[in-house]
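Inspection log for the structure reproduced underneath, given as structure tokens.
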Amino acid sequence: MRWNFSIRIAVFTRTGPTAFPDMATCTRTIWGVVAGCQRQLLRAGGPAYTGVLHTALRNPPVRSFAAVKALRKDKKEDTEKEVKKEKRIIDDKDRHKPYGKTAWAPVDDVYVMRYYPRTIYNAADAIDMLKKFQMLDFTPHKQPIYIDLRLDMKLEKKKKVDPFVSTVHLPHPFKTEMNKVLVFTEDVNQAKVAQENGAVFAGGAELIQPILDDEISADFYVAVPDILPKLVPLKNKLRKKFPKSKRGSVGIHIPKMLELFKTGHEYMVESDCYVRTQIAMLDMSKEQIFANLQTILIDVCSHRPANMGPLIERAIIASHTSEALWFKSEDVLPKPAKEEK
């Protein structure tokens with residue numbers, strides 16, 4: 001705010017030599033009036049112009065109550081007037097493709113794999129690709145083929161399938177040598193039958209100490225039920241190879257057990273839900289590899305009730321030098337026959 005002062009000086013003119021007072025007197029009179037006005041303004045507390053802006057108050061007043069929010073009377077009317085928006089159809093032709101499992105199918109034959117969903121092949125196609133990889137990479141023609149299965153071990157009411165060990169007789173064995181089998185029996189006749197059917201060793205409690213001293217060893221250990229109580233000292237030594245009825249290594253039919261374990265292929269569940277085992281050799285024919293694969297998958301699924309759904313969640317096949325290929329296990333398993341109406 002500015003204060004403008006205008007001072008009007010009335011000069012009474014006279015005629016004659018004394019018409020005007022001297023100039024110094026007039027000047028002093030004007031300055032005295034101006035100084036008096038300024039002092040009067042300062043005493044009254046009014047703002048005086050000093051050329052500097054005034055700052056805000058240090059302690060501004062604070063409101064200690066809350067304002068009442070105004071209620072909308074027409075809120076119900078607004079909700080009734082709302083209209084459902086129609087879904088717009090988005091054109092995805094010019095959009096950027098997403099990554100990972102949500103990505104679209106690739107258009108070209110050559111693409112970056114991490115930008116697209118993983119390709120799951122048929123079992124027959126996966127075996128053909130393994131053979132092509134061997135030709136393109138100039139790797140050895142004789143190399144093992146492995147599978148890696150992840151199993152769903154859950155059952156109803158918080159129950160699970162116990163990790164199991166199984167021995168399968170493959171239709172096309174890939175081992176060049178037979179497995180060494182030792183038979184525990186105290187019957188002389190049974191021991192003689194075991195040796196005639198290809199057992200490496202056959203005997204009773206006298207074989208315990210040589211096994212503990214590593215003088216005798218075998219790939220599989222088979223026993224009759226009567227001698228099991230005497231084989232307790234071998235539990236820590238044999239561990240998983242110790243004869244058990246669940247594995248089929250305890251029984252009365254010794255020739256039948258020897259036939260299975262001499263040429264059989266053993267696999268087990270590792271880390272609670274994984275089966276990793278060899279199934280064939282790459283130099284075998286496609287039909288032979290597929291038959292061995294089908295035999296192992298059928299035996300794995302037999303350890304779970306059929307009404308609990310599929311047991312295999314994920315299946316991978318690979319050779320010793322190739323990349324891993326995911327394949328559909330349901331294509332290998334036999335499909336259940338449809339019930340006739």
Side-chain angles (χ1 to χ4, degrees), residues 142 144-147 149 162-270 275-281 284 287-303:
K142 291 184 178 181
I145 298 177
Y146 302 95
I147 59 171
L149 307 177
D162 296 330
F164 53 88
V165 181
S166 180
T167 304
V168 185
H169 183 74
L170 297 177
H172 304 282
F174 52 86
K175 292 183 180 180
T176 56
E177 298 180 0
M178 290 188 179
N179 300 320
K180 297 179 181 180
V181 184
L182 187 147
V183 180
F184 289 105
T185 178
E186 292 183 341
D187 189 352
V188 179
N189 295 328
Q190 290 180 345
K192 185 178 180 180
V193 171
Q195 290 180 350
E196 291 176 356
N197 285 272
V200 179
F201 300 99
E206 67 276 5
L207 298 177
I208 295 177
Q209 192 60 38
I211 294 174
L212 293 175
D213 297 338
D214 295 331
E215 296 177 1
I216 297 174
S217 62
D219 298 324
F220 295 96
Y221 297 87
V222 178
V224 294
D226 299 337
I227 200 175
L228 284 179
K230 298 181 180 181
L231 302 179
V232 176
L234 293 176
K235 277 191 174 181
N236 294 332
K237 180 67 176 180
L238 300 180
R239 294 186 180 181
K240 294 181 179 179
K241 293 183 179 181
F242 189 81
K244 293 181 181 179
S245 57
K246 291 183 179 180
R247 299 179 61 179
S249 56
V250 176
I252 303 174
H253 304 286
I254 294 177
K256 186 177 181 180
M257 291 189 296
L258 288 172
E259 184 182 357
L260 174 63
F261 287 102
K262 279 193 307 181
T263 59
H265 176 71
E266 185 184 47
Y267 67 90
M268 65 182 64
V269 178
E270 304 173 2
V275 173
R276 302 180 179 97
T277 183
Q278 182 182 351
I279 61 168
M281 298 294 292
M284 297 171 63
E287 291 76 14
Q288 292 176 346
I289 298 173
F290 187 85
N292 287 354
L293 175 62
Q294 188 177 31
T295 303
I296 293 178
L297 293 187
I298 292 174
D299 187 76
V300 169
C301 294
S302 65
H303 290 82

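What you see is a predicted model, and the numbers here were worked out from it, not measured in a lab.
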For Asn292 and Gln288, test the side chains for any donor-to-acceptor distance below 3.5 angstrom and give the result as yes or no.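 No.
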Establish, from distance only, whether the side-chain atoms of His169 and Thr263 form a donor-acceptor pair under 3.5 Å.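 Looking only at side-chain atoms, Thr263 and His169 do form a donor-acceptor pair, the distance falling under 3.5 Å.
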Kindly assign one of parallel, tilted or perpendicular to the pair Phe164 and His303, based on the angle between their ring planes and the thresholds 30° and 60°.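 Parallel.
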Would you call the rings of Tyr221 and Phe184 parallel, tilted or perpendicular, where under 30° means parallel and over 60° means perpendicular?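 Correct class here is parallel.
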Between [atom1] on residue [X] and [atom2] on residue [Y], distance to nearest 0.5 Å:
X	Y	atom1	atom2	answer
Glu266	Asn179	CD	CG	9.0 Å
Lys244	Leu238	NZ	CG	10.5 Å
Ile147	Ile289	CD1	CD1	12.5 Å
Glu206	Glu186	CD	CD	8.0 Å
His253	Gln190	NE2	CD	11.0 Å
Ile296	Asp299	CD1	CG	8.5 Å

When you measure from the side chain of [X] to the backbone N and O of [Y], does any donor-acceptor pair fall under 3.5 Å?
X	Y	answer
Asp187	Asn189	yes
His265	Gln278	yes
Lys262	Asn197	yes

For a quick test of reading the model, state the closest non-hydrogen atom pair linking Phe242 to Ser249 and the distance between them.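 Nearest heavy atoms, Phe242 then Ser249: O-OG, 4.4 Å.
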Please tell me if the side chains of [X] and [Y] come closer than 4.5 Å, counting only heavy atoms from C-beta onward.
X	Y	result
Leu207	Ile216	yes
Thr167	Phe261	yes
Leu182	Ile211	yes
Glu270	Met268	yes

For the pair Lys237 and Asp214, find out whether any cationic side-chain nitrogen is under 4.0 Å from an anionic carboxylate oxygen.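 Salt bridge between Lys237 and Asp214, a charged N being under 4.0 Å from a carboxylate O: yes.
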